[in-house]
Enquirer: 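Just passing along the structure, written as structure tokens.
Side-chain atoms are counted along with the backbone in the values below, which use heavy atoms only and exclude waters and symmetry mates. Ligands are counted one by one from 1 in listed order, and the atoms in each one are counted from 1 as well. Small disclaimer: the values here were computed from a predicted structure and weren't measured.
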Amino acid sequence: MTQNTDLNLALFERARQCIPGGVNSPVRAFRAVGGTPRFVQRAQGAAFWDANGKRYLDYIGSWGPMILGHGHPAVVQAVQQAVLEGFSYGAPTEREIELAEEIIALRPGMEMVRLVSSGTEAAMSAIRLARGATGRSKLIKFEGCYHGHADALLVKAGSGLATFGNPTSAGVPPEVVQHTLVLEYNNVAQLEEAFALHGPELACLIIEPIAGNMNFVRASVPFMRRCRELCTQHGALLVFDEVMTGFRVALGGAQSVYAAAIPGFAPDLSVLGKVIGGGMPLAAFGGPRSVMEQLAPLGPVYQAGTLSGNPVATACGLATLREIRKPGFFDALATRTQSLIDGLQAAATAEGIGFSGDCQGGMFGFFLLPELPQNYLQVMKSDGARFNQLFHGLLDRGIYIAPALYEAGFVSSAHTEDDVAETVAAARAVFREMSSRA
Ligand SMILES: *Cc1c(COP(=O)(O)O)cnc(C)c1O
């Protein structure tokens with residue numbers, strides 16, 4: 001009798017009996033890369049341990065939130081204190097004000113913010129608000145950008161600019177996405193054409209300014225400048241989806257990165273999540289007072305949530321923000337992340353593997369392509385089989401990166417130079433195997 005000693009596999013088999021695909025969010029199932037998902041037992045600092053007790057250096061950090069690494073003492077203490085005071089009240093608390101004030105102070109142009117529980121909810125609510133505030137129905141999104149799974153945003157490009165999108169999920173009626181126009185990222189000519197055709201009907205343009213859901217692709221500065229100009233000119237709201245990049249690529253988020261290149265730059269609405277909850281379910285959307293006051297109970301745009309502004313989640317988020325706004329935090333994080341990308345680039349080059357990488361603050365991406373892609377179509381030219389070889393080679397060596405080539409990676413302040421060196425050495429060993437097999 002053979003004994004099943006892989007406890008991850010045993011858990012996966014059990015999970016598949018009671019949870020669709022064995023997971024509560026699809027990418028965790030390893031469908032893109034094959035193999036058995038690692039069931040996490042516990043995490044500390046830059047690492048987690050799976051059901052077999054194997055340690056992995058964690059470059060996902062819960063897909064972004066864990067910017068301080070796991071179990072940061074100040075955050076743990078804040079959460080423990082909050083739990084003792086109560087889990088949820090369904091009535092307002094001072095901590096919600098403190099968190100709102102912190103967020104607003106870091107984002108020029110944002111005067112009010114509403115707290116919700118997930119990025120999906122925040123993006124969905126921001127779209128409703130944009131439509132309610134402008135009295136218009138249509139919106140622009142870009143291929144390869146993810147804004148959560150609200151119906152109107154689960155859409156891919158239609159057959160041309162005059163037509164609107166097609167649903168990317170069953171269960172989304174075509175009528176629900178008929179107002180969503182999907183354009184190519186970084187394509188200025190297409191953007192101009194879309195505004196020329198539909199300008200007066202557009203409520204908003206929603207964009208991931210540094211897209212982390214097609215690995216890592218920056219909106220070019222000229223493209224972003226045109227987005228801002230065209231929105232202003234046509235009375236549409238520019239909505240920055242910074243669920244991933246907010247408090248991650250810089251303290252001021254991607255907004256501050258573009259403001260450094262485009263004087264006076266700010267979006268109209270911003271959507272936040274991930275880092276602001278520090279690993280708890282917390283997200284937000286905010287903007288100018290005139291727009292935010294359209295929300296219930298002041299205005300006609302309805303939005304609500306039983307657990308919104310949850311006292312434990314806000315304690316976790318506040319404690320996290322107070323750590324990351326300490327002087328030098330982002331400089332150190334950015335240096336570490338850059339040294340990871342530089343190290344991976346050097347390892348790939350030494351083994352003759354085509355490689356390109358980029359990073360900002362504590363977020364990075366890399367491609368097994370000689371040049372950085374500019375849009376989704378180019379990202380999809382990456383060789384999936386080679387990526388999977390790299391993924392599993394790293395996984396075997398105790399390095400956990402996102403199990404899909406279209407996902408960004410994250411470094412935390414708990415990652416050390418030694419961790420980076422270990423990662424680069426592992427990658428070099430895998431690249432060597434890949435080049436000798438090629
Ligand atoms: C993760 C993410 C979302 C969705 O957030 P959830 O909390 O998973 O609902 C939305 N937009 C972007 C850019 C994201 O990265």
Enquirer: At under 4.0 Å between heavy atoms, which part of K274 makes contact with ligand 1: side chain, backbone, both or neither?
Expert: side chain

Enquirer: Considering only heavy atoms of S118, which atoms of ligand 1 have at least one such atom less than 4.0 Å away?
Expert: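 Heavy-atom distances to S118 below 4.0 Å select 7 (O), 9 (O).
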
Enquirer: With respect to G119, determine whether any N or O atom, backbone or side chain, lies less than 3.5 Å from an N or O atom of ligand 1.
Expert: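 In this structure, G119 places an N or O atom under 3.5 Å from an N or O of ligand 1.
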
Enquirer: Any non-hydrogen side-chain atom of N375 less than 4.5 Å from a side-chain atom of V217?
Expert: no

Enquirer: So which heavy atom in the protein is nearest atom 4 (C) of ligand 1, and how far is it from that ligand atom?
Expert: T120 N, 3.7 Å

Enquirer: Do Y89 and P311 have side-chain heavy atoms sitting under 4.5 Å apart?
Expert: yes

Enquirer: Measure the distance from atom 11 (N) of ligand 1 to every protein heavy atom, then report the residue, atom name and distance (to 0.1 Å) of the closest one.
Expert: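 For this ligand atom, the closest protein heavy atom is D241 OD2, 2.7 Å.
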
Enquirer: Any nitrogen or oxygen of N213, side chain or backbone, less than 3.5 Å from one on ligand 1?
Expert: yes

Enquirer: For residues D358 and F364, determine if any side-chain heavy atom of one lies less than 4.5 Å from a side-chain heavy atom of the other.
Expert: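 Result no, sub-4.5 Å side-chain heavy-atom pair not found.
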
Enquirer: So, regarding H147 and ligand 1 (criterion: nitrogen or oxygen to nitrogen or oxygen, under 3.5 Å), is there a contact or not?
Expert: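 No, since none of the N or O atoms of H147 sits under 3.5 Å from an N or O of ligand 1.
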
Enquirer: Given that the side chain starts at C-beta and the backbone is N, CA, C, O, which of these parts of E208 lies under 4.0 Å from ligand 1, counting heavy atoms, or is it both or neither?
Expert: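 For E208, only side-chain atoms sit under 4.0 Å from ligand 1.
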
Enquirer: By number and element, which atoms of ligand 1 are closer than 4.0 Å to a non-hydrogen atom of M244?
Expert: 15 (O)

Enquirer: Using the benzene-type ring in the case of Trp, are the ring centres of F355 and F366 under 6.0 Å apart?
Expert: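 Between F355 and F366, the centre distance is under 6.0 Å.
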
Enquirer: Can you check whether I207 reaches K141 side chain to side chain, under 4.5 Å on heavy atoms?
Expert: no

Enquirer: For atom 8 (O) of ligand 1, is the nearest protein heavy atom under 4.0 Å away?
Expert: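 Within 4.0 Å of atom 8 (O) of ligand 1, no protein heavy atoms are found.
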
Enquirer: Do the non-hydrogen side-chain atoms of F240 and M224 ever get within less than 4.5 Å of each other?
Expert: yes

Enquirer: Do the non-hydrogen side-chain atoms of M363 and I210 ever get within less than 4.5 Å of each other?
Expert: yes

